[in-house]
Amino acid sequence: LAADAFFPASRPIALTFDDVSLATLHSEILPKQADTATTLSDSLRLQIPVISADMDTVTESRMAIAMALNGGLGLIHYNMPPKDQVKEVARVKRHIHGLIQDPITVTSDVLIGDVLAIIEQKRFSFSTFPVVDSDGRLAGLLSGNVVKDRYKSKRVADVMTPRSALITELDSTLGADPIKAADRFFDAHVGINKMLVVDRDDRLRGLVTISDVEKINSETKARRKPARDAQFRLVVGAALSPVRLPSGALDRDKILTHVGHLVEEQIDAVAISTAHAHTSGVGDMVRLVRDAFPDLTIIAGNVTSGAGVEFLAERGANAIKIGQGPGSICTTRIVAGVGIPQLTALYVASRSAAARGVRIIADGGITKSGDIVKALTLADAVICGSLLAGCREAPGEIMEISGKLYKQYRGMGSLAAMKAGSAARYGHDKNDATRKVAAEGIEALKEVSGSVDDVLGVLIGGVQSGMGYLGAANLAALRDHARYIRVSPAGQKEAAPHDVVEVSTRKN
Ligand code: XMP
């Protein structure tokens with residue numbers, strides 16, 4: 001049945017991923033042709049609809065870089081001081097510049113000794129600088145091999161390569177992909193390892209280094225297209241919690257200062273992450289951030305009702321996280337007795353989201369690629385915690401227990417995580433996060449699962465298979481084509497390998 005017939009409002013029973021299966025349809029689409037691109041707002045596009053969870057055992061900069069390189073998005077968690085979170089975001093945005101739009105420049109009148117002091121003070125890892133005049137026009141290139149102590153009393157003008165000897169590229173000829181343009185440039189000018197980009201008035205507009213291009217090319221060879229912003233930087237998001245004053249009111253100054261710093265680092269999305277977002281506190285926070293940053297992509301959640309989606313959409317959220325209690329480390333349903341099995345929650349949310357023109361993100365409970373396919377018949381993207389927590393890019397040490405390798409994975413509502421900062425997500429104060437507060441998550445271990453590339457390769461391969469079975473060339477077609485059938489317990493048993501002894505040939 002189509003979604004509206006399968007999940008009628010009057011249906012007394014809520015369903016989750018394993019309760020249903022999708023019907024196959026006539027298909028002209030091979031899995032590898034299926035396009036998995038999605039959008040979280042009009043300005044934020046991902047190549048794959050997968051987001052790594054804003055949890056302190058899942059997403060810091062290393063995970064976010066790996067996610068963006070694979071075409072997805074990482075949400076940096078908030079169990080760290082705001083200034084550290086800003087640094088984590090900066091690490092992702094600066095991972096590979098591609099076209100460095102504001103290269104660090106020097107003027108021709110300064111001493112090499114001064115340049116050396118700046119390198120030391122700012123801890124630059126490079127020592128080649130374009131030289132510009134007071135109008136920003138290119139005057140030369142100061143190459144790293146003359147930025148040495150022995151030349152410290154010389155002026156930049158005395159040792160730089162002058163403008164007349166430099167080969168440059170016009171910004172108007174770059175096209176949409178500066179890396180492709182740089183590839184052509186370095187092929188045409190063997191021996192040159194910096195492409196200086198200028199405008200028609202010879203003002204410096206950017207810089208591409210050959211080592212960055214080589215790094216980008218080798219990193220993208222094996223993968224899908226990375227998710228990049230308009231300046232060709234990797235995309236990244238960061239989680240925010242409703243910071244409050246002792247009076248209980250939102251600490252507007254702290255929140256806006258923090259978001260301001262994230263925006264300065266060119267953050268692509270903030271995620272206002274709480275366990276229960278259909279509350280005036282979260283609504284006020286969404287509105288506060290929306291009013292101050294009209295163009296910023298805001299993700300907010302979590303909710304599991306149509307009214308909750310409408311509430312957050314009205315206040316300015318672009319994408320809304322759906323899920324209360326489906327997560328592998330969640331105990332909300334057991335502790336609080338609330339929450340709706342995830343597929344029904346997604347159905348309800350998707351109808352309100354369509355009416356309001358916002359996106360929804362399926363958050364929690366994804367254990368295999370088939371769950372992602374089912375989620376994407378109703379949602380625009382999924383958030384994965386458990387599936388990524390065992391990757392080497394997740395924070396935390398690998399530990400060995402009885403010959404097997406594990407990493408820590410804990411709920412943000414576990415006592416340990418709440419003490420580390422996430423108490424506000426569950427409506428508690430960090431200092432109260434003792435045994436007196438009901439934890440809504442557990443601390444656990446995940447078996448080490450290799451790299452994000454490997455894990456996402458398998459997951460996205462599965463998603464594309466699902467799209468192939470449904471004849472869906474893209475995610476809009478997948479939503480449109482989906483037909484659901486209820487699966488009996490015997491059918492669920494039949495769906496997994498059975499009556500054989502499984503032999504594993506691939507581990508890590
Ligand atoms: P998975 O199933 O991918 O779920 O491991 C990750 C999602 O679970 C949510 N989350 C929690 N929910 N108590 C909860 O009820 C918790 O302690 C907790 N920690 C994380 C969160 O939405 C995450 O993305």
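Only a predicted model underlies this, so the values are computations on that prediction, with no experimental measurement involved. Remember, it's 1-based here, ligands and their atoms both numbered in the order they're listed.
For residues 13-70, no pair satisfies ring pair (Phe, Tyr, Trp, His ring centres under 6.0 Å), with sequence neighbours left out. Sorted by first then second residue, the side chain to side chain donor-acceptor pair (under 3.5 Å) pairs that include residues 391-405, not counting sequence neighbours, number zero. Among pairs with a residue in residues 452-504, those fulfilling ring pair (Phe, Tyr, Trp, His ring centres under 6.0 Å) read Phe6-Tyr484, Phe7-Tyr484, at least two apart in sequence or across chains.
Contact shell of ligand 1 (protein heavy atoms, cutoff 4.0 Å): Ala53, Met55, Asn302, Gly327, Ser328, Ile329, Cys330, Thr332, Asp363, Gly364, Gly365, Ile383, Cys384, Gly385, Ser386, Tyr409, Gly411, Met412, Gly413, Ser414, Arg425, Tyr426, Glu440, Gly441.
Of all the heavy atoms in Ala438 and Met418, the pair that sits closest is O-CE, 4.4 Å.
The residues Asp18 and Lys368 are annotated as salt-bridged, a charged nitrogen and a carboxylate oxygen being separated by less than 4.0 angstrom.
At a threshold of 4.5 Å between non-hydrogen side-chain atoms, the residues Asp54 and Lys321 count as touching.
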